[in-house]
Structure formats: C-alpha cells, structure tokens
Protein chains: 2
Amino acid sequence: MSDEERHDTSGDPELTGLAKELDAADPLAFARDRFVVEDDVIYLDGNSLGALPKAVPDRIAQVIEHEWGRLRIRSWFESGWWTAPERVGDRIAPLLGAAPGQVVVGDSTSVNLFKAVVAAARIAQRRDPARDELLVDDSTFPTDGYIAESAARMTGCRLRRVEPGDVPAELGERTALVLVNHADYRTGRLHDLPGITRAAHQAGALAVWDLCHSAGALPVELDRHGVDLAVGCTYKYLNGGPGSPAFLYVRAEHQPQFDSPLPGWHSHVEPFAMKPEYEAADGAVRGRVGTPGILSLLALEAALDAWDGVTVEQVRTKSLALTDFFLRCVTTLLPDGVVESVTPARHEERGSQVSLRCAGARKVMDELISRGVVGDFREPDVLRFGFTPLYTRYADALRAARILAEILA
Amino acid sequence: MSDEERHDTSGDPELTGLAKELDAADPLAFARDRFVVEDDVIYLDGNSLGALPKAVPDRIAQVIEHEWGRLRIRSWFESGWWTAPERVGDRIAPLLGAAPGQVVVGDSTSVNLFKAVVAAARIAQRRDPARDELLVDDSTFPTDGYIAESAARMTGCRLRRVEPGDVPAELGERTALVLVNHADYRTGRLHDLPGITRAAHQAGALAVWDLCHSAGALPVELDRHGVDLAVGCTYKYLNGGPGSPAFLYVRAEHQPQFDSPLPGWHSHVEPFAMKPEYEAADGAVRGRVGTPGILSLLALEAALDAWDGVTVEQVRTKSLALTDFFLRCVTTLLPDGVVESVTPARHEERGSQVSLRCAGARKVMDELISRGVVGDFREPDVLRFGFTPLYTRYADALRAARILAEILA
C-alpha cells in the first residue's frame, strides 16, 4: 500500500486526487531529484535552511582535497577563488532581476545590511545634508533594526520605525532612506516593493530592501523597479548551506558613490599593491571587505546548479499553487477555528510560506516534527511552513495538513 | 639514491648532517603526519594559507551529508552549530594565552578589526571624551589602515600613522587606542607587544593587536600582557582553510563595555525572542553578528585537532630553530650579497618567516615555485618564506635554500 493510499483512508479522496494531478502536471517536478530529500520527511523549513543540493558534497570534497590540499595558495587565482564573490553574485543576479555586475556575495546578511544602510545614508546626505532620518519597517526581522540603529548612530541620523504600509505617508524631506523586508519572516506577508520604492524616490529618498525571504522564491525585479540597494541571505530558498554568505546588490548608477563603512583590502582597486591609502575598486566589488569563507562560498556556487533550466517565474507559479493548495487542505481537513492563517490570501501579498496561529503552537510544532513534518515555531503562537518549489510536492503539502489535522483533532 | 644524498653532492655535507640531526631530534616531527604534504613540494607559504589538516575532509563530508543533508535545521542545536563561534574561540584561546570566554570566531579579520577599533575607541571615549586619536602602525597590513580610517571617521576620531617602535613616544593624552600588527607581514619583524601595550596603558589608551602573523606561530600571552582587544585570521598558522573565519579577543574586563558597531541578532541576549530592541549578550558572544559560515567554521574546528598534544611554546622553539637554520643555509650556500635578509636576526624581533630582498624577486619566486619551493613575492623585491613548525622539516629548509642558491648562481 503506497503512502497516498494509506492516507486516502484517513483523509479526503478529492484532495488526494488533486495532489496527484498537480504533481503529475508540475513542470518543476524534475528538480526534486537535485536535492537530498527523503519520502518520510516533509521538509517545510526551506525558508530557514534549504535542503542539501546533490551537487554540493562532491564539489566541496574536490575544493578541500585538490584546491586547498594540493594547489593550496595557487588556488586563489588558478581555481578562481579570488573572483568567486562577484562570479557567484552574477549567478544569483538573474534570480533577482539584476543585470550582471551589481551583486557581490560575502559576509553575513547583518554585515551587508550595515554596508547598505550606511552607504545609502551617505548617498542621500551627499545629495542633501538635511536628510537624517532612516525609516525602518516596524515588523522587521530584528537584526535589520539593530543594524540600522547602529548605522543611524554612526552617520548622525535617527531611526524611525513605521509599518511598511505606512511608509509612503511617512516619507518626508528629511528621509534619507527606507529599509523594508520584502517578505515578513513571521507572517509571510509580501510587501509592495515597486510601490514603496517608487514612493521613496518621489520623496527623494533611497529604498533598501532585505530579500532574505523572497530571493529564490519569487521574482524581485530589482533593476526594473529601481531598487537602490538590497541584501539577502542565500541559505533559504537558494539552498547555499548553513551560514552561506549573503549577497549585496548595489544598483549600477550608485556604484561610483558607494562609500563603504567596511573598506577592506578585497575592495581595493589594487589589492596586491598593498598601498596604505584606500582607493575603492569600481563596480559591485566595492562591496567586498576581507577574505571570504571559500568553503561556504563555493558550496553556495555548487548549490546554484539546482537552478539550471529553472526560472524564478516558474518557481513563483508553483509556490503560489502550493501554498494555495496547502491552505485549502488546512481548511478542508482541520476543525473550524483551531488555526488562523496570518498569511495573506491575496497572491500579491503572499511570500512562499504559510503561517498559522494556533494555541499551544510550540508543542504542536514539536509533535509535527516528531511525525516527520518539519516546519518551525515563531513566538508567540505561530506555526511556520515554508514551501520551496524546487523540492516540495503537492502530496507533501497534503500530508503535512493531514498530520496537522490528526494532531489538532 | 635519496633526495638528501642527491643534494649532498651539490651542497654542503655539514648542513645535510645537521638537518638530519635536527629532524631526528625534533619533538614535533610527529605532527607532520597530521597534514596533507608531499615530499616533492616544500611548502613555505603557510603564513598565507596553511596546509590541509587530514582531519578536515572527513569531518566536512559528515557536516554536509549528515548535519546539513539529514538533520538540516535541527543541526543548529543538535549538532552544536549555534555555539560553534564561542566553542571554537575557546579552542583557540590557549594558543593566544587567553582564559576561556574571551575569544569568538566569525567574520573576516577586516570585519573584526572594525568591531575592535570602534569598540576600543568607545571605551576610551567613555573614560575621557577628549581622546579622539587613533594611532596605527605605519607599516601595517593595508586593511588595518583602511578599516581604522573608517572607524575613525565614524567615531569622530582622527588617525595618525606611526612606526611601531615610535608608539611609546607618540602616545598622548588624546590617544584613544593604538592598533599594531604583532608581526610585520612583509619583513616578519615581531613588534614589542608587552612593551607597547604597557606604554599605551600608562598613557591611558587601549592596545588593539592584529595577530594574523603570530597566532599559532608563537606565544602571544594576551591575558598576561593586558592586551585589550585583538583580532587575527585562522587560515595561516592555524590551518583553518581558505577564508576560515577570523577571531576576536575581548578582554573579560572590557566585555561589559564592548559596544559593537555591528550588533546583529547573534549577539543578542535572547536571539530567538526576536525583540525589536537590541540588548547585548554577556561575554565574548557580544562580538558575534549574523549567521556564521558553518562549513568554513567547522573546517577550522577540525583543523585545530592538529594541535592536540602540542604547545605553542614548542612551536616557537622549533620556529626559531627552523628560521635560524634556513638563514644559516642561505648564508652558507648563496653567493655573498645577492640577497639581504630583512627579517631581524634577534629572536625577540622575529616572527615565523624569513623575508629576503633580492633583485628580480618576482621572477626568482616564479622559478622557485616551478621547482617545488612555494613561498611568495611581496612588492617591491621581497621573497617571503613562512615556516610552519607543525609540518616543516629542517631538511625542507635546507633544500629550499639549495634550490634558491641554484637559481641565483
């Protein structure tokens, strides 16, 4: 008896049939085979740490044993280590709707946020020294607020926290920049990147976006929407591995004015001349600092092979269909009123996750995990389920909802 | 015919005999087997990128395949990823003469320099707001100067560059801190850490040390000498791999005042409470920022196994004997006047490298490398040879000198 048949007896045969049809028609079904995934674990935490792409282990073994172990120092040039931050940046760029030469990879998201917020404040203040206000998304992932506060303190600015929806109304002639999370990490709500960016520009301010929860999950279209600077992590929907380095996008027109607070030797125009005076390199390379963690960076590069032949538009289409289907399963299978979705129903406002409020959420998530459904818990009462279209099936969404229904019955 | 016998015919039989004796009596000879090293390559560039410790490949394969691939997100706690920055810091601490709880690993050296210099300036200014001068080692590795300049600009200070030997005379009542490289990356000269630190304290300033070229090569004794903050990389004498994360030492007494310019969520007292207000954790953890690159960090942790049963004092003894022996071989085998050592002859002033000035140094180094002697070239005319006592033999030092003599004959 197959898994699906077994579940048929305890669930809704219509949903089972639908899941089967959707999986059979899924143009991205082939991509699941590019990941290490098991049939007995439904991994819905790819919005926290993506699953392991199969290309990674052999590639990293080669990097360690041949490039480090044999070539050693020669690998900085012969194995392309030196240029990896910009090369991997250009691999990610199409997924962000960015032309080449604007994305560089390295450091953590927090460190890149510091570079981006300070550099944006400096650009704004060079245009108009009276612009001393940083508007930050009030529902932000905490590190963005902490780092923006530090950036404000160190650039003579002050921070004001506003709801993303209120940004257009709160912008003023003293606003230097707005920093907003594209998708809310807790609820999965997608904020209006084109609209907020346009409003910021109309007010003479810059727009800095944190794409941690949208990069690799949906089209971002940084170039098209005129985003000024952006950062994001690569270990969620980009599957780069634990703590894989973050990316920094600096719009081409801002690069000559990008004045980094972290001017390390890797962003010097002549890094090996060892000159005492700093002179920034041109281009996205200006966002580099010190020596990048090569193992983590090259694991990310190998992980990006999972995107061969896949567009982020296809991923978005499947993501919305998956989350729609999961919400339908939850509505159908769960008793009324035991959970409440805090993820918007409207597609334009939804990221690639579903967050359900639920009494005793922490214990419910523990029970889900013990039954092989891996999501996560977020304070105070949120069950968070991330849907990574590259390796998640409709049948997985249905089974997760069924197990949740059993637990809450 | 063995290598040594072959070389006997073209060299000095006394040196050959001496190398043999020294290797036979070497109490660290056993450690060479802990590294991937070949007999036909003499690797004297461990001061740039350490050789691969044999413990690394299997450990990283396990991290990738089991911890990331199977446990995935659970590994943050179940596999100890979350606490790795402070755990690995405590592994390095004894090599720096630091009691536990003062060293944390993560980010690049440049990023850690920014934290250390800004935090030290803030501590100094809290004691005395008139202290607005940062003294920086004029012969510094460039990134230290660039980062210190940025830190000065962002804390309302000004930078003044002075020769390390002049620091005691240049300290004044406006000096907030001095930043000095323990060993000069170009010449291998070791600066007077105890004396400069003492002088800084007598002048009411803090001492921040860059240990990139001394950590793992010689005893640093941070606690004993009262060093305030220190940073260093882990891919040279600590063999952590390309771009392995740097360390930050924050003396216990300064930790409550350590006010980081990069207050990311990993340094929050309650990182998972996701609070909008930043409240720093106690201890060295305060130096953390965002998610660390786990593959690079755990490769470093495995690499540190090579230190089991080895003290840094033993390493120092062998390092001095190796560099003494290499200098003797160079003097004996090379024609007079073709090279000039810029590395101090006095042990107290010597790091773990020998730098030789030589006409046409760049071409000479290319030729050395093609003949299996891997050192590196530094502008304008320096041949740089690093001696890592854990895997370098006296016979290697002799052979390197012989091949250099052949090239320069």
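Below, chains carry the letters A, B, ... as their sequence lines are ordered, and counting in each starts from 1.
- With a 4.5 Å cut-off on non-hydrogen atoms, Asp58(B) does not touch chain A at all.
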Would you please test Ile73(B) and Tyr43(A) for side-chain contact (heavy atoms from CB on, under 4.5 Å) and show each step? CA-CA 10 Å; Ile73(B) 197 70; Tyr43(A) 189 65; 3.7 Å; yes

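- Proximity to chain A (any heavy atom under 4.5 Å) is restricted, for Val118(B), to the side chain, taken from C-beta onward.
- In this structure, no portion of His266(A) lies under 4.5 Å from any heavy atom of chain B.
- Residue Glu65(B) comes nearest to Pro57(A) through the heavy atom pair OE2-CB, 3.4 Å, listed as atom of the first residue, atom of the second, then distance.
- Taking the six-membered ring where the residue is Trp, His268(B) and Tyr146(A) present parallel rings, their angle staying beneath 30° rather than reaching 60°.
- Two residues are said to be in side-chain contact when any heavy atoms from C-beta on lie closer than 4.5 Å; Arg161(B) and Pro276(A) meet this criterion.
- With a 4.5 angstrom heavy-atom cutoff, Ala51(A) touches chain B via backbone and side-chain atoms both.
- In this structure, chain B has a heavy atom under 4.5 Å from the side chain of Asp259(A), while its backbone stays farther away.
- Contact annotation for Glu277(B): only backbone heavy atoms (N, CA, C, O) come within less than 4.5 Å of a heavy atom of chain A.
- With a 4.5 angstrom heavy-atom cutoff, Glu379(A) touches chain B only via side-chain atoms.
- In terms of modelled atom types and a separation under 3.5 Å, the side chain of Arg72(B) and the main chain of Val374(A) share no donor-acceptor contact.
- Nearest heavy atoms, Thr291(B) versus Gly243(A): CG2-CA, 3.6 Å.
- At a 4.5 Å heavy-atom cutoff, the contact between Ile60(A) and chain B is made by side-chain atoms alone.
- Of the atoms belonging to Arg70(A), heavy atoms from both backbone and side chain fall under 4.5 Å from chain B.
- Taking both residues in full, the closest heavy atoms of Ile147(B) and Gly264(A) are given as CD1-N, 4.1 Å, listed atom of the first, atom of the second, then distance.
- Contacts of Phe35(B) with chain A are absent, with no heavy-atom separation under 4.5 Å from either backbone or side chain.
- Only the side chain of Arg378(B) comes within contact range of chain A, judged by heavy atoms closer than 4.5 Å.
- Here the side chains of Trp81(A) and Leu49(B) are in contact, with some heavy-atom distance below 4.5 Å.
- When each of Ser108(B), Ser296(B), Gly290(B), Gly46(B) is scored by its heavy-atom pairs under 4.5 Å with chain A, the top score falls to Ser296(B).
- A distance-only check finds a donor-acceptor pair linking the side chain of Ser150(A) to the backbone of Pro261(B) [under 3.5 Å].
- Residue contact with chain A, scored on non-hydrogen atoms closer than 4.5 Å, is absent for Pro245(B).
- Heavy atoms closer than 4.5 Å to chain B are found nowhere in Thr109(A), neither backbone nor side chain.
- Summarising the geometry of Trp68(A) relative to Pro53(B), their closest heavy-atom pair is CZ2-CD, 3.6 Å, with the distance given to 0.1 Å.
- In this structure, no portion of Val63(A) lies under 4.5 Å from any heavy atom of chain B.
- With ring centers used as reference points, Phe114(B) lies under 6.0 Å from Phe114(A).
- With a 4.5 angstrom heavy-atom cutoff, Glu67(A) does not touch chain B via any of its atoms.
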